[in-house]
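Written below as structure tokens is the structure these notes are about.
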Amino acid sequence: MIRLTSAAALAALLASPGVAEEFKFAVTTDPQTMDPHAVSSAPVLGFLNNVYEGLVRRGKDMSVEPALATAWEPIGDGEGWRFMLREGVTFQDGAAFNAEDVLFSYERAASESSDVRSWFASISEVKVVDDYTIDFMTSAPNPIFPGSIANFMIMDSGWAEANDTARPDKENGNYATLNANGTGAFRITAREPGLRTVLEPFEGWWGEVEHNITRAELTPIQNAATALAALLSGDVDMINPVPIQDVARLADNPDVQVIQGIEARVIMLGFPHEAEALKYSSDVEGKNPFADAKVRQAVAHAVNVPAILQTIMRGNAEPASQLVSPAMSGFSEARADRPAYDPDQARALLAEAGYEAGFNFGLKCPNDRYLNDEAVCQAITGMLAQVGINATLDAMPVSNYWPELRADNFDMYLLGWSPGTFDAEHPFRFLAATPNSEKKLGSWNFGGFSNARVDELLPMIQSEIDAGKRQMMIDETTQILQDEVAYVPLYVQPLVWGARSNISLTQRPDNFFILRWVTVN
């Protein structure tokens, strides 16, 4: 383990605002891996944004800004994008950064074993022009490509190859699962999965230092009461999330602060569209009721979203009608209404589909990924039972949850999605496109939803420059997903962080916690 030398520590102290401090923070979900290409989830990508960097990044206001690329420009008439790279950058092991590392990282991130390969669905070729210029060629014009790769993190090709981690391995893990070597503002000095992860400032970072942290420690705490007690006692300086029921009490405590907002994440229910039969049903063996849109519509009418928002979320969330929130680019105003809570209509739809007596099934849910996730699933279980759809709830840690979904071990599941591009195209590509490994599409479409018109519209949405024409195509896609009930959007998740009163930080709607913006006063 490499430690800061005294000279380097002094330099970091002098360069940082205020007096240097240690900082401890707690989250519900420990990052599943330190590999930036292995798992496309906010706990992983959000944390690793402190260690690795991309060609571009998002600022405090979510705008796209330079990172390892200082500038970018379109090539020809929509043929691709050229990125001019930052010179003089080094990785945390001292190796120099150049275009070969970008090419290697693209090949790694776009590989079959990568969980982020859908980011590169439009890329036909990547060309190294020189050491600090690289071209991403697209199969069609892609005006949103630079912003779509804000979380595409660059690895050192030499380090990866030397440690036999040239490709990600989300199933079995490899050296990059526990170790990291980025160009970011912080480097990992200790990693104990499920217990703690320690970070220290990278003294060779190219950027301007805004924080005054000498050491940061992440601790996963699944129990909400335990996390709250740790914050109140000062054992940790920040927790994410704050239990909804404790927001008012914390707001009256002068030693702590509550930072609230609305996340970009939509919480939804997903279905096994392509399954021939349910996995966990005893009364509809050999059948898949959820393959019928009427049954999926019945689920939408049976779930009382207003009640969930009032009782479980304490009024801190907003109902969702589509795969993105109203704050996202491409939100369809024409399709803003969600299905009304109507159990009678749900029963009628079930009868039309031939399930007047109802049926039982298995509902998969995480218990440490989304705010109040298990409680929400318990509430949904009770609501569905009122119309005759009887769920056996199986709630589990997210480290077990994703493998279950990828193995198709579900009859229905809970999913949250935050579009990395802040645009409706993002969930269309990941969640609604017919899964196609060769085209790098539908990598999180666990249920295998497929619609030929959606697949036809997606590349048109990706390449259309005219905003009005593009929105019309997004509206049509949204209408198809609603009419087919590809998913049942429930609500937009709230952001509720807690911090000691002497902490200054920035909360972004993607729920990424960026350490280089933290000051301990």
Side-chain angles (χ1 to χ4, degrees), residues 42 241-245 247 260-271 293 295-346 349 363 365-366 369-387 389 391 412-419 422-424 426-428 431-432 449 471 474-475 477-496 509-511:
V242 169
I244 289 291
Q245 64 272 18
V247 169
Q260 290 184 266
I262 295 295
E263 193 177 354
R265 186 175 311 280
V266 171
I267 304 297
M268 67 194 80
L269 293 173
F271 302 97
V295 175
R296 302 194 297 269
Q297 189 67 46
V299 171
H301 285 300
V303 177
N304 189 344
V305 171
I308 290 174
L309 300 188
Q310 180 180 359
T311 60
I312 299 177
M313 294 298 174
R314 307 292 179 97
N316 290 281
E318 301 174 352
S321 63
Q322 46 201 277
L323 301 186
V324 292
S325 74
M328 300 298 102
S329 172
F331 177 82
S332 179
E333 295 291 350
R335 308 293 298 185
D337 295 334
R338 70 174 318 281
Y341 170 59
D342 190 340
D344 291 336
Q345 178 68 6
L349 286 164
L363 171 61
C365 183
R369 175 61 191 94
Y370 311 118
L371 190 63
N372 293 337
D373 43 14
E374 185 173 6
V376 167
C377 286
Q378 289 172 342
I380 289 172
T381 298
M383 293 168 184
L384 294 179
Q386 292 178 7
V387 302
I389 311 176
M412 186 191 293
Y413 60 93
L414 188 77
L415 179 69
W417 194 260
S418 177
F422 275 53
D423 187 274
H426 192 271
F428 293 168
L431 305 182
F449 173 79
Q471 187 60 51
I474 290 176
D475 289 346
T477 304
T478 301
Q479 180 175 350
I480 293 170
L481 297 180
Q482 289 182 337
D483 291 347
E484 291 291 318
V485 200
Y487 297 87
V488 175
L490 301 172
Y491 56 88
V492 185
Q493 178 164 281
L495 282 175
V496 190
D510 58 0
N511 201 21

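Computed over heavy atoms, backbone and side chain alike; hydrogens, waters and symmetry mates excluded.
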Interatomic distance, CD1@Ile389 vs OG1@Thr381, rounded to 0.5 Å, equals 11.5 Å
CG of Leu415 to CZ of Arg265, rounded to nearest 0.5 Å, is 8.5 Å
Between Val485 and Gln297, the two heavy atoms sitting closest are CG2-OE1, 3.1 Å
Tyr341 side chain reached by Met383 side chain, heavy atoms, under 4.5 Å | no
Practice task
Evaluate the side-chain proximity of Phe331 to Pro326: yes if any heavy-atom separation is below 4.5 Å, no if none is.
Solution key: yes
For Gln493 and Tyr370, indicate whether the former's side chain and the latter's backbone hold a donor-acceptor pair under 3.5 Å. no
Regarding Asp475 and Gln479, do their side chains bring together a donor and an acceptor under 3.5 Å, going by distance alone? no
Residues Leu384 and Ala302: closest non-hydrogen pair is CD2-CB, 3.8 Å
For a 4.5 angstrom cut-off between non-hydrogen side-chain atoms, does Leu371 reach Met313? yes
- Does Glu374 use its side chain to pair, donor to acceptor, with the backbone of Pro366 at less than 3.5 Å? no
For side-chain contact (heavy atoms from CB on, under 4.5 Å), just list the numbers for Leu363 and Cys377, CA-CA rounded to whole Å, side-chain angles, deciding distance to a tenth of an Å, and then say yes or no.
CA-CA 8 Å; Leu363 171 61; Cys377 286; 4.3 Å; yes
Separation between CD1 (Ile480) and CZ (Phe449), nearest 0.5 Å, reads 7.5 Å
In terms of heavy-atom contacts, Gly270 and Tyr487 come closest through CA-CD2, 3.8 Å
Using a 4.5 Å cut-off on heavy atoms from C-beta on, say whether the side chain of Val247 contacts that of Arg314. no
Quick check on Gln310: does its CD atom have over 12 non-hydrogen neighbours (other residues, nucleotides or ligands) under 6.0 Å away? no
Subject >> Test item: Val303 and Val488 side chains (from C-beta on) under 4.5 Å apart, heavy atoms >> reply: no
Scanning both residues in full, the closest heavy-atom pair of Leu490 with Arg338 reads O-NE, 4.0 Å
In terms of heavy-atom contacts, Tyr491 and Leu309 come closest through CB-CD2, 3.5 Å
Rounding to 0.5 Å, atoms CG (Asp423) and CE (Met328) come to a distance of 9.5 Å
Rounded to the nearest 0.5 angstrom, the CG-CZ distance for Leu481 and Arg335 is 10.0 Å
To the nearest 0.5 Å, atom CG of Leu414 lies from atom CZ of Arg369 at 10.5 Å
Notebook entry, point to check: Are Pro343 and Gln386 side-chain neighbours, meaning at least one heavy-atom pair lies under 4.5 Å?
Noted result: no
Run the side-chain contact (heavy atoms from CB on, under 4.5 Å) check on Ile244 and Ile312 step by step: do they pass? CA-CA 8 Å; Ile244 289 291; Ile312 299 177; over 6 Å; no
* Can you tell if the side chain of Val299 reaches within under 4.5 Å of the side chain of Met412, non-hydrogen atoms only? -> yes
TODO: Compare all side-chain heavy atoms of Leu323 with those of Val266 and state whether any distance is below 4.5 angstrom.
DONE: no
(request) Go through Ser332 and Gln322 one step at a time and tell me if the side-chain contact (heavy atoms from CB on, under 4.5 Å) criterion holds. (result) CA-CA 8 Å; Ser332 179; Gln322 46 201 277; 3.4 Å; yes
Heavy atoms of Ala379 and Ile308 approach each other most closely as CB-CG1, 4.4 Å
